[in-house]
Enquirer: 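Dumping the structure here so I can ask a few things about it.
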Amino acid sequence: MKQNNSFNERTYDLLKKVPKGKVTTYKALAEKLGTKAYRAVGQAMRCNPYAPKVPCHRVVSSDGSIGGFSGNKNSNSKEVKRKIRMLNKESIKIKNNRIVDFEEKLFYFG
DNA sequence: CGGTTGACCAAGT
DNA sequence: GACTTGGCCAACC
């Protein structure tokens with residue numbers, strides 16, 4: 001249990017625990033971290049210094065939408081889109097920027 | 001320390 | 001269903 005790290009470090013560690021073929025939400029992460037800073041989690045993802053270690057593409061909104069980062073027009077948007085395709089392979093189907101059977105793929109810690 | 005921002009959420013319009 | 005408002009919390013200036 002490493003809690004001496006910064007908030008974002010804990011976020012990454014928790015996100016790392018998400019199994020393959022599953023997704024989680026900012027809310028789940030934040031609440032599991034003992035806070036409600038959903039947005040802070042998002043900021044940590046935006047920073048995302050642990051690209052492959054932290055599957056930010058596996059994090060979605062509570063509505064089942066991929067989030068503002070998938071359709072992002074930034075430079076790294078293509079990277080994410082590629083990850084979305086990978087999610088498709090992981091049995092996570094994305095339809096109209098929404099996850100099919102969202103709750104089914106959702107992985108809540110604990 | 002205070003104001004702004006952010007990959008959010010929930011509820012209301 | 002899309003947009004707006006208020007609220008939450010952390011990071012940045």
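Treat the numbers as computed from the prediction; the structure is a model and nothing was measured. Within every chain, numbering begins at 1; the chains are lettered A, B, ... in the order of the sequence lines, protein sequences first and strands thereafter. Scope of the values below: all heavy atoms of this structure, side chains included, with no hydrogens, waters or symmetry mates.
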Enquirer: For the residue pair A:L29 and A:L14, what are the closest heavy atoms and their distance?
Expert: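 Smallest interatomic distance, heavy atoms only, reads O-CD2, 3.5 Å.
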
Enquirer: Under the ring pair (Phe, Tyr, Trp, His ring centres under 6.0 Å) rule, what pairs show up with a residue in residues 88-110 of chain A, not counting sequence neighbours?
Expert: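 As it turns out, the ring pair (Phe, Tyr, Trp, His ring centres under 6.0 Å) pairs with a partner in residues 88-110 of chain A, which skip direct neighbours, are A:F107-A:F109.
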
Enquirer: Can I get a per-line list of side-chain donor-acceptor pairs under 3.5 Å for residues 84-91 of chain A, giving both atom names and the distance, sequence neighbours left out?
Expert:
from, atom 1, to, atom 2, distance (Å)
A:E90, OE1, A:G21, N, 3.4

Enquirer: Going from CD1 on A:I99 to NZ on A:K93, what distance comes out if it is rounded to the nearest 0.5 angstrom?
Expert: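 Rounded to the nearest 0.5 Å, the CD1-NZ separation comes out at 11.5 Å.
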
Enquirer: From A:N8 CG over to A:L33 CG, what is the distance, rounded to the nearest 0.5 angstrom?
Expert: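 With rounding to 0.5 Å, CG (A:N8) is 10.0 Å from CG (A:L33).
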
Enquirer: Expressed as a whole number of angstroms, how long is the span from A:I66:CD1 to B:dC8:P?
Expert: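 Computing the A:I66:CD1 to B:dC8:P distance gives 12 Å.
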
Enquirer: Using atom CD of A:E31 as one end and atom C1' of B:dC8 as the other, report the distance to the nearest whole Å.
Expert: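 Going from CD in A:E31 over to C1' in B:dC8 covers 12 Å.
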
Enquirer: May I have the distance from A:N96 (atom CG) to C:dG1 (atom C1'), rounded to whole angstrom?
Expert: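 It works out to 11 Å between those atoms.
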
Enquirer: Can A:D13 and A:R10 be counted as an ion pair, charged N to O under 4.0 angstrom?
Expert: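 So A:D13 does not pair with A:R10 through a salt bridge.
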
Enquirer: Give me the residues of residues 54-65 of chain A where at least one heavy atom lies under 4.0 Å from an atom of DNA chain C, by number, or none.
Expert: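 The answer is none.
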
Enquirer: For DNA chain B, which residues of residues 22-30 of chain A approach it to below 4.0 angstrom with any heavy atom?
Expert: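 Hits under 4.0 Å, by residue number: A:Y26, A:K27.
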
Enquirer: With the sugar-phosphate defined as primed atoms, P, OP1 and OP2, and the base as all remaining atoms, what B/S/- string results for nucleotides 7-13 of chain C, 5' to 3', for protein heavy atoms under 4.0 Å?
Expert: BBSSS--

Enquirer: Less than 4.5 Å apart, side chain to side chain, heavy atoms only: is that true for A:K32 and A:T24?
Expert: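 They are not in side-chain contact.
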
Enquirer: Give every pair of a protein N or O atom and an N or O atom of nucleotides 11-13 of chain B that lie under 3.5 Å apart, one pair per line with the distance.
Expert:
none

Enquirer: With sequence neighbours left out, which residue pairs that include part of residues 16-46 of chain A fulfil the ring pair (Phe, Tyr, Trp, His ring centres under 6.0 Å) condition?
Expert: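 Output for this query is empty, none listed.
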
Enquirer: Answer yes or no: is there a side-chain heavy-atom contact under 4.5 Å between A:I94 and A:V100?
Expert: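 No, too far: nothing below the 4.5 Å cut-off.
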
Enquirer: Taking atom NZ as the centre, does A:K22 end up with more than 12 heavy-atom neighbours from other residues, nucleotides or ligands that are less than 6.0 angstrom away?
Expert: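 Correct, the count exceeds 12.
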
Enquirer: Please tabulate, one pair per line, all N/O donor-acceptor pairs under 3.5 Å involving side-chain atoms of residues 49-67 of chain A, not counting sequence neighbours.
Expert:
from, atom 1, to, atom 2, distance (Å)
A:Y50, OH, A:E9, OE1, 3.2
A:Y50, OH, A:E9, OE2, 2.8
A:R58, NH1, A:V18, O, 3.3

